[in-house]
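Notes follow once the structure below has been shown.
Excluded from the calculations below are hydrogen atoms, water molecules and symmetry mates; all remaining heavy atoms, backbone and side chain alike, are included.
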Amino acid sequence: MGTAGTGADATVRERRRLINVAYRLLGSLAEAEDAVQEAYARWYALPPGRQAEIVSPGAWLTTVTGRVCLDVLGSARARRERYVGAWLPDPLPAHAERDRGHGADPADQMVLDESVTMAFLVVLESMTPAERVAFVLHDVFRYPFAEIAGVLRRTPAACKQLAASGRRRVRDARVRAAPAVQADVVRRVKAAWEAKDIAALVDLLDPAAVMTADGGGMVGAVLRPVEGGSRIAQYMVAIADKAPGLELLERSVNGVPGLVARRGGAVMTVAAFDVAEGRVSRIWAVRNPEKLRPWVG
């Protein structure tokens, strides 16, 4: 794992990759940054002689980052049980849409691909911590099980079984609609929402669609998922009625077409969509201000 060699250059070069690993493991930019910072702190705390003995600083940093993330995942379930409403992963903007006003941001290090779509990350949340680490490191980052065993402190065979279990969970979470199809559906949802056209929205939503919102207890958001295309359409129009001046923008959310709701120049909501057979099957609406910091206001 990682780059062979020693010295500052060899370790600094690993930061981008480590942020990408940690975000996929944790679903939180802030927690990913903290995990990587902790790994670097442990590296620099090593005596120079011990550092010189390490053939691959990248492999060492990946192992430590993975273990830190494993510990975070172990405690995250209890913390999220206390979270107000549903917890959703942090939404990621495209590079051109990131807020440069907040200085260095872990979002700037992110590679957007299928493994960071909201649908994918939500399924990762359903895995056990060990399953998630084994699956992400092997299936997403192609690390061999012999090295993953060092992270999980289990045998390579056990790690292989964990990754296989995670793989079964994630099979149905792949992006099913082509980007052009998803963009067209999202564009039509935007137009119907702006027109407050309930009938048009119902037509664009799967009858069994589910909408989940994350306000974190900091802003108003429905605490339980809204189920059914008709109920979601009515809810969306009710939101528009209560927020005059709401501006909807088509934006890339975690690498796929989504919507950003802005009011008075400030980003209020980032919505990610899952589209299947030409209709929206899932909506994830992130409203927690702490999760919207990378987005341009």
Side-chain angles (χ1 to χ4, degrees), residues 1-80 89-90 92 103-111 113 115-116 120-121 124-125 127-163 165-167 294:
M1 280 188 257
T3 304
T6 58
D9 288 345
T11 57
V12 170
R13 285 197 302 267
E14 299 296 328
R15 180 178 174 78
R16 179 185 179 88
R17 182 179 56 80
L18 294 172
I19 288 289
N20 275 271
V21 169
Y23 171 75
R24 286 160 176 80
L25 289 177
L26 301 174
S28 163
L29 285 171
E31 289 180 349
E33 174 77 352
D34 288 345
V36 172
Q37 288 294 96
E38 175 62 21
Y40 274 102
R42 294 184 189 183
W43 168 260
Y44 289 118
L46 292 175
R50 175 69 183 108
Q51 287 186 5
E53 294 172 355
I54 297 173
V55 176
S56 174
W60 190 95
L61 285 165
T62 300
T63 297
V64 174
T65 299
R67 288 176 179 170
V68 172
C69 289
L70 191 63
D71 291 340
V72 173
L73 287 170
S75 63
R77 292 179 184 272
R79 285 187 286 111
R80 288 170 191 172
D90 292 6
L92 295 175
D105 192 294
D108 293 330
Q109 306 292 319
M110 295 303 305
V111 173
D113 58 25
S115 68
V116 294
F120 194 92
L121 292 173
L124 291 182
E125 284 293 311
M127 298 181 188
T128 67
E131 282 177 341
R132 188 166 182 169
V133 170
F135 173 79
V136 168
L137 289 181
H138 181 266
D139 284 47
V140 178
F141 291 95
R142 304 302 178 189
Y143 293 151
F145 288 118
E147 296 185 11
I148 296 170
V151 177
L152 293 176
R153 296 188 175 95
R154 303 193 188 196
T155 66
C159 294
K160 186 175 182 179
Q161 290 180 339
L162 288 166
S165 177
R167 198 174 302 123

**Study point:** Arg67 bridged to Glu38 by N-O distance under 4.0 Å
**Key:** no

Practice item. Answer yes or no: is there a side-chain heavy-atom contact under 4.5 Å between Glu147 and Val151? Key: no

Point to revise | Atom of Gln109, atom of Ile19 and distance for their closest heavy-atom approach | key: CB-CG2, 3.8 Å

Practice item. Report the C-alpha distance between His138 and Lys160 in whole Å, list the side-chain angles of each, state the deciding distance to 0.1 Å, and finish with yes or no for side chain to side chain contact (heavy atoms under 4.5 Å, CB included). Key: CA-CA 9 Å; His138 181 266; Lys160 186 175 182 179; over 6 Å; no

Review point. Which heavy atom of Leu121 sits nearest a heavy atom of Ser115, and at what distance?
Key: CD2-O, 3.8 Å

Review point. Is the closest side-chain donor-acceptor distance between Gln37 and Arg42 under 3.5 Å?
Key: no

Check your understanding: Taking the side chain from Thr62 and the backbone from Gly58, do they hold a donor-acceptor pair closer than 3.5 Å?
Key -> yes

Review point. Roughly how far, to the nearest 0.5 Å, is CG of Leu124 from CZ of Arg24?
Key: 10.0 Å

Review point. Does the distance from a Lys or Arg side-chain N to an Asp or Glu carboxylate O, for Glu31 and Arg80, drop under 4.0 Å?
Key: yes

Practice item. Taking all non-hydrogen atoms of both residues into account, name the closest pair between Leu25 and Cys69 and its distance. Key: CD1-CB, 3.8 Å

Practice item. Looking only at non-hydrogen atoms, find the nearest pair between Thr65 and Ala22 and report the distance. Key: CG2-CB, 4.2 Å

Point to revise | Ala163 backbone acceptor or donor facing Asp139 side chain under 3.5 Å | key: no

Review point. At what distance, to the nearest 0.5 angstrom, does CD1 of Ile148 lie from SG of Cys159?
Key: 6.5 Å

Point to revise | Between CG on residue Asp108 and CZ on residue Arg16, distance to nearest 0.5 Å | key: 9.0 Å

Check your understanding: If you measure from CG on Leu73 to CZ on Arg132, what distance do you get to the nearest 0.5 Å?
Key -> 5.5 Å

Check your understanding: Are the side chain of Tyr40 and the backbone of Arg15 linked by a donor-acceptor contact shorter than 3.5 Å?
Key -> yes

Check your understanding: What closest approach, in Å, do Leu152 and Ala130 show between heavy atoms, and which atom pair accounts for it?
Key -> CD1-O, 3.9 Å

Check your understanding: Between Tyr23 (side chain) and Asp90 (backbone), is there a donor-acceptor pair under 3.5 Å?
Key -> yes

Check your understanding: How long is the gap from CG on Leu92 to CG on Leu29, to the nearest 0.5 Å?
Key -> 5.0 Å

Review point. Atom CZ of Arg154 and atom CZ of Phe145: how far apart are they, to the nearest 0.5 Å?
Key: 13.0 Å

Review point. Taking side chain as C-beta onward, heavy atoms only, is Leu162 less than 4.5 Å from Phe135?
Key: no

